[in-house]
Amino acid sequence: MKRKKLPLYAQILIGLFLGLLWGLISAWLQLPKSFTGEFIKPLGVIFVTLLKMVAAPLVLASLIVGVASLHDIRKLSRIGGKTIAIYISTTVVAIALGLTIANLVKPGERLPASTRQQLMTMYADKTSGNNKAVEQLKERPILQPLIDVFPDNVTAAAADNTRMLQVVFFAVIMGVSLIKIAPEKRSTLVHFFDALNDAIIQIVDFIMILAPAGVFALIGSLIVEIAGEDISQAVHLLSGLGWYAGCVLVGLFIHTYAFYPLLFRWVAKIKYLQFFRAIRAAQLVGFSTSSSNATLPVTMKRCREGLGIPEEITSFVLPLGATINMDGTSLYQAVAAVFIAQALGIELSISDQLMILLTATLASIGSAGVPGSGMVMLIIVLEAIQVPSEGIALIVAVDRILDMARTVVNVTGDITVATLITATEAQFEPVNPVEKE
Ligand code: ASP
């Protein structure tokens, strides 16, 4: 009898659970941290590296085919404009939600003064490295994110995962140009990229064989690192930051499980459980890797296979979203900015709060889909409301965990928008209900 294979999400969940168990046991038995670092962590690093390896070629091939098969440039610009408008609107909602929660709960006023002092001294040196980043960010022209869309060298852009938007730009212009050239020449290239695309999707399948082990290693080594030498001190700090972390997590939860369903149920008519079932593997990979970029291949796969979103939409909307749409990050930045101001005793006026709305939108667009980038971009928000960026020291201790949660929201937000665009501009393809991953 043929044994039924466990669905991908279940395999990843098992990896996650075992990783958690390993981290806790090794902290409890006080096993040397170096063991996990030297022998377990590399598996996780390899898994993430492989996912990143396929991201650029996948975006390039699928987007060129997607755009060239649209045959209609006006439709393309309409989809583009709509996608960006929805991305920005959902981000603004996320920030407003974050601001509301932080102003109601006032987590900064609940931070014990002793913990504040301890955090400021413990993490002062970590944030001093940020000073250079602050200077660089301050010198950036306002329109730098726009300038950054255009590559001066296509191969260099494709070689750097933080320049994904430049690859998107090149692929779009290449796809559009293919529509314009003679049909017989066009088909040669379209066939080539189509085959390349299929081959890369096959590579993603191979990489996913590693997913449970990779996730086990990522979570296990993370727990060991967080627990550090002195687990009781870690627990003490985390409990001091409980209100702050709680505000971020509650906000992320509401945005994901109440706000997005309003959109995909209302516009795309997708059932609540059907949606979350279809995308759980992508959410779990986002959670384990803390990187929307690394998760992109899985996000694209689940959108196509689980939700029936056509390739012309996934290949355009998702890479763009992984780069510019970060609802989770922007919500977190809003809560963090208010928290730091409250903890440092700085009063924020209504115009300061509006400033947070504006700058957190820009900062989340500017954050790359890699671990920890949201915290670096938080500096822009703090500077704009004249809160000293050294205050970041107050949130560093829990940032790694919050990064995992906000990446899940970032990924879910991209998928939600892809369903809205499909419902209004294309048609859902049939999905295989048996093959639930
Ligand atoms: N890690 C997040 C992402 O990749 C970005 C961040 O908020 O740091 O989506």
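In each ligand, atom 1 is the first atom listed, and ligand 1 is the first ligand listed. Everything numeric here is computed off the predicted structure, so don't read it as measured data.
- With atom 9 (O) of ligand 1 as the reference point, the heavy atom nearest to it among Ser292, Ala322, Gly413 is part of Ser292.
- Looking at Ser315, its side chain does come within 3.5 Å of a backbone N or O of Ser62 through a donor-acceptor pair.
- Under 3.5 Å, the side chains of Ser291 and Thr289 contain no donor-acceptor pair of N or O atoms.
- A 6.0 Å sphere centred on NZ of Lys41 holds no more than 12 heavy atoms belonging to other residues, nucleotides or ligands.
- Of the heavy atoms in Val411, none comes closer than 4.0 Å to ligand 1.
- Among protein heavy atoms, atom 1 (N) of ligand 1 sits closest to Asp403 OD1, 2.7 Å.
- Considering backbone and side-chain N/O atoms, Gly374 comes within less than 3.5 Å of an N/O atom of ligand 1.
- Checked by distance only, ligand 1 and Met326 stay at 3.5 Å or farther apart across all their nitrogen or oxygen atoms.
- Residue contact annotation: Ser367 has no non-hydrogen atom under 4.0 Å from ligand 1.
- Between Phe276 and Tyr272, the ring center distance clears the sub-6.0 Å criterion.
- Checked against a 3.5 angstrom limit, the closest N/O atoms of Asn410 and ligand 1 fall inside it.
- Under 3.5 Å, the side chains of Ser330 and Asp327 contain no donor-acceptor pair of N or O atoms.
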